[in-house]
Amino acid sequence: MQAPAPSSFADISDVIAIFVLLTEFAMFRAPLLRSQLKLYAVQSLLVTVLAGFLATSHHISELYLLGAASFLLKVLAVPYVLTRFLERTEMSLVTGPSLGAASMTLIAIATSAFGFFTMDATKVGSTVLPTTALAISIAIVLVAFLLAIMRSDVVSQAIGFLSLENGVSIASLVVASGLPLIIDVAFLFDLLVAAVVFGLLMKAHHVRAKTLSTANLDRLKG
Amino acid sequence: MGNLNLSPVVVQIIQVLTILLGAPLVSGTISNISARLQGRRGPRVLQPYYDLIKLFQKETLAPEDSSFVFLLAPMVAFVCYLTVPLLIPVLTTFGLPLGYMGDILGGGFILALAGFSVALAGTETGAPYAQLGSSRAMTFGALIEPTVLMVVFAAGIITSTDLPYAMAATVRSSASEILRPAHVLAALAFFMVVLTDTGRIPVESHSGTLEFGMIDEGRTLEHSGPPFALLKWGSAMKQLILYTILIDVFVAPWGLASNTLLSSVMLAVLALLAKAIVLGVIFAVIDNSFSKLRLFKITEFLAAAFLLGTLSVLIFYLGGG
């Protein structure tokens, strides 16, 4: 007995979602802050492509607008600003617990497996619900958490948060692509605010601590 | 003439001959194109055939302390590479008489036996570089094995069989089978396995002469004459076998013969060689755009391949795709 083939257009969005997950893994492994930012730009580009694809296949013209906005913001603006910030601070290496390649890979696999398992355990099997893409987006969110938790520098933590938003927007795109535009735009504005706040935080932290590492923050007491 | 109906046994023999005689052509074309990408004129496309003819005319020399294993191993490896094309879809969409005598794992075991015997011959020499090559080849072989298993599992659970023919038929059946996330991931993982096993950048530089960077190439440094010719021919065949599995099982199983007419079988031979050369060009482009990884970074590359393979299985079981 063969497994049934997935439906015609859902599989393309699934594959795009898979590539977003792969960029998340790559970010998790990237040794340079600069390469992390590049990967974030690539990941955001993939999300934009997904929005464009869904706009074409579902005939939702609002999604084009959303795609354009997220392209300008997430592919161009945020990576550009953060790259400029990195150039000024002259710090390039990611800091954090140095685990071997094998352990990092196994942790990432286990985390995404947990994400898939969660989706499987909810038993919301419906023909209209794109279960695969949803499971992938949960995995993306979890690996983004992992990225933010395991790194101990402000830039990686910010990138972790921003890529988490990419995971969430994939979920919202595939599950509710007909969502009113105002809600999606509100999400984007949230992201813009987050980017500005993170930018200020990173700058303040760098000025006060002369480093990007958050290790000394652990010793602060109230 | 064009409508001559061949017996399946003859097709099976043609299948082995295609791999046997086509492999040096594919290798030669790839190294020619690779040279052109670097702005050199490069060797002739038929150069590997001339190399083999030359080596078969030379005398055989063996290190003083080596035993019969040193001379026997190249033959064992060569026979293994002749056996695998019986099991995989090289020319036809349907299984030939011996096509079902082993599954994907069976083919994998035979390839592993070939690798093992070459490594054994390398250690038999007592020469440091050959032993280094053997040791590295076995180490990285062991690290790539889990990925191969995961790819086999993924192919197995998608088609519910472990026969390469069934996998190819599934891929041919509809476009959405190709875009199935589990299939995309398994194909990517297998692509990385082929990169590793054929000794391409980023794992190993194919045309290097620096012994310290060698993995697969290092094992055969001490061989000479006809046994060396068999080893070189064998590694070209291994490359074409892996290309064939990637093309005809995972990526593009089109252009295969669906009957035993002479014309369609000949067309399938040409289609296979053309597809293998296209794939080879992709590998040559990768060869020229990336640098070789440091030896201790290769594990990261293999870990990434393993990640793709595991995700493929996971996403099929739990993610519903």
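Only heavy atoms go into these numbers, but all of them, side chains included; no hydrogens, no water, no symmetry mates. Letters A, B, ... are given to chains in the order of the sequence lines, protein chains preceding strands, and every chain is numbered from 1.
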Once salt bridge (charged side-chain N to carboxylate O under 4.0 Å, His left out) is applied, do any residues pair with [X], and if so which ones, sequence neighbours excluded?
X        : result
A/Lys74  : A/Glu165
B/Arg136 : none
B/Lys275 : B/Asp248

Is it the side chain or the backbone of A/Leu134 that comes within 4.5 Å of chain B heavy atoms, both, or neither?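 For A/Leu134, there is no contact with chain B at all, as no heavy atom is under 4.5 Å.
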Trace of the side-chain contact (heavy atoms from CB on, under 4.5 Å) decision for B/Thr310 with A/Thr105: CA-CA 11 Å; B/Thr310 315; A/Thr105 311; over 6 Å; no
From OG (A/Ser112) to CG (B/Leu307), nearest 0.5 Å: 6.5 Å
Tell me whether B/Tyr100 at atom OH has more than 12 heavy atoms from other residues, nucleotides or ligands lying less than 6.0 Å away. yes
Take atom CZ in B/Phe116; do more than 12 heavy atoms of anything else shown fall under 6.0 Å from it?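 Atom CZ in B/Phe116 is not packed in, count stays at 12 or less.
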Given heavy-atom pairs under 4.5 angstrom as the criterion, report whether the side chain, backbone, both or neither of B/Leu308 touches chain A.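 The side chain, not the backbone.
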Residue part contacting chain A, namely of B/Leu185, when any heavy atom lies under 4.5 Å: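 Only the side chain of B/Leu185 comes within 4.5 Å of chain A.
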Go through the steps to decide whether A/Phe116 and B/Leu311 satisfy the test side-chain contact (heavy atoms from CB on, under 4.5 Å), and finish with yes or no. CA-CA 10 Å; A/Phe116 294 147; B/Leu311 266 187; 3.6 Å; yes
Using non-hydrogen atoms and a limit below 4.5 Å, what part of residues 15-26 of chain A faces chain B? A/Val15, A/Ile18, A/Phe19, A/Leu21, A/Leu22, A/Phe25
A side-chain contact here means heavy atoms from C-beta on lying under 4.5 Å apart; do B/Phe306 and A/Leu106 qualify?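 Yes, close enough: below the 4.5 Å cut-off.
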Please test A/Asp14 against B/Leu179 for side-chain contact (heavy atoms from CB on, under 4.5 Å), starting from the C-alpha separation and ending with a verdict. CA-CA 8 Å; A/Asp14 287 352; B/Leu179 289 170; over 6 Å; no
